[in-house]
There are 2 protein chains.
Amino acid sequence: MVETTPLIAALEDAGYRVTGPRRNVVGLIAGRSGHFTAADLVTESNRRRLGVGRATVFRTIEVLSDVGVVERIDLPSGEHAYIACQPVHHHHVVCSGCGRTRDVDDAGLRHVVRDIARQTGYRVDDHRLELFGLCPECQTAASGANRPGPSR
Amino acid sequence: MVETTPLIAALEDAGYRVTGPRRNVVGLIAGRSGHFTAADLVTESNRRRLGVGRATVFRTIEVLSDVGVVERIDLPSGEHAYIACQPVHHHHVVCSGCGRTRDVDDAGLRHVVRDIARQTGYRVDDHRLELFGLCPECQTAASGANRPGPSR
DNA sequence: GTTTTTGCAAACCATTTGCAGGGTC
DNA sequence: GACCCTGCAAATGGTTTGCAAAAAC
């Protein structure tokens, strides 16, 4: 009865050991609809009495991040949050209402980056674009009488 | 003999009091060529025996940030760094060699953002683009020891 | 004179690390 | 069985806060 999720599969493929605590952390991540912080997972782990230690949560996030299935985003507040995503180059639109994100491909950005490199003379090795706003659901919710809230 | 720098002027204009410690912090920032962390300023303040407390450094950075003349950037390492800049919407290319940054205008990015909003249905309120690479000087310096191959 | 600001130290919060025991391949 | 991983607790590093004294307007 060993379930395999994409995140677990990514761990295996990269040669990391698949352990109980790691499965638990992955489960916690899967249960999140939007972005999450390390503290979120620790809190939730305690609430559910999973017995996963703080350190392991941090270490697992790091491992998943190395593998590329979890990515760190920097919220406007300065907090470090994480999201699960595909291990390919892309960017994110983050909903400031519910925290959900959507992946966005590089699209026209490639040209913008090239132009900037040309203008500044910098050799641009990496770039990061983050967008913040309201997702369609939260727009609807906000325009009515109800406040936006996470759904599950 | 009260000197006025752009940062100090911004403080005054916003109605903040211009104090000795704030002048000192602004002086420290002016002495930096690239980005800086709060810790950098604290260290430098101690070295120069300016008598500016840790808390004041943090509070001054916050105030300058509110006013818009200092902006936080999130380095790939996850560190929070700051740079002095103009209070208009723009983006940054950060040199991973020397830490110096250059401002970049919105240029073609505007279109990219609009396309993304259209594709995802999100109402995009804000965005942030950060580019990392090597500035022309650092490219030259590195080319002696590095093998060729940079873009262009 | 009133209101803001400061320095200090302690508090706080997030993240990391050392290490002995336990689990996985 | 060898090596990786985990939990715990303590250490760390960055940032905030309470408060009385000092400074700015």
### Query
Taking the side chain of A/Thr56 as heavy atoms from C-beta outward, which of D/dT15, D/dC25, D/dT6 is closest to it?
D/dT6

### Whole-Å distance separating the CD1 atom of B/Ile8 from the P atom of D/dC25
11 Å

### Task
May I have the distance from A/Arg23 (atom CZ) to C/dT24 (atom P), rounded to whole angstrom?
9 Å

### Task
Grab the CG-P distance between A/Leu50 and D/dC5 for me, whole Å please.
20 Å

## Note on the structure
Against the side chain of A/Thr19, the closest entry in C/dT3, C/dA14, C/dT24 is C/dT24

### Message
Rounding to an integer number of Å, can you tell me how far A/Leu75 CG sits from C/dA14 P?
### Response
13 Å

### Message
With no hydrogens and no angle check, just 3.5 Å: does a side-chain donor-acceptor pair link B/His89 and B/Asp106?
### Response
yes

### Query
Is A/Ile83 close to A/Val70 at the side-chain level, that is, under 4.5 Å between some pair of heavy atoms?
no

### Query
Between atom CZ in B/Phe58 and atom C1' in C/dT6, what is the gap in whole Å?
15 Å

### Query
The side chain of A/Ala55 lies closest to which of these nucleotides: C/dG7, C/dT15, D/dC8?
D/dC8

### Task
May I have the distance from B/Ile61 (atom CD1) to D/dG14 (atom P), rounded to whole angstrom?
13 Å

### Query
Hey, do the aromatic rings of A/His92 and A/His35 have their centres closer than 6.0 Å?
no

### Summary
Whichever of B/Arg54 and B/Arg17 has the more 5' nearest nucleotide on DNA chain D, that residue is B/Arg54

## Note on the structure
Rounded to whole Å, CG of A/Leu11 lies from C1' of C/dC25 at a distance of 15 Å

### C/dT6 OP1/OP2 closer than 4.0 Å to side-chain N/O of B/Arg22
yes

### Selected nucleotide, minimal atom distance to A/Arg59 side chain, candidates D/dC5, D/dC8, C/dT16
D/dC8

### Query
How do A/Tyr16 and A/Glu79 order along DNA chain C: which one's closest nucleotide is nearer the 5' end?
A/Glu79

#### Entry: Stepwise side chain to side chain contact (heavy atoms under 4.5 Å, CB included) check, A/Arg128 with B/Phe132
CA-CA 9 Å; A/Arg128 187 168 60 201; B/Phe132 304 94; 4.0 Å; yes

### Message
Students often get this wrong, so: under 4.0 angstrom with heavy atoms, is A/Ala38 touching a base, only sugar-phosphate, or nothing?
### Response
sugar-phosphate

### Query
Expressed in angstrom and rounded to an integer, what is the separation of B/Asn24 atom CG from C/dG7 atom P?
9 Å

#### Entry: From C/dG7, C/dC25, D/dG7, nucleotide with atom closest to A/Val52 side chain
D/dG7

### Query
Should A/Val124 and B/Leu75 be regarded as members of a common hydrophobic cluster, given that ILVMFWY residues are connected when their side-chain heavy atoms come within less than 4.5 Å of each other, either directly or indirectly?
no

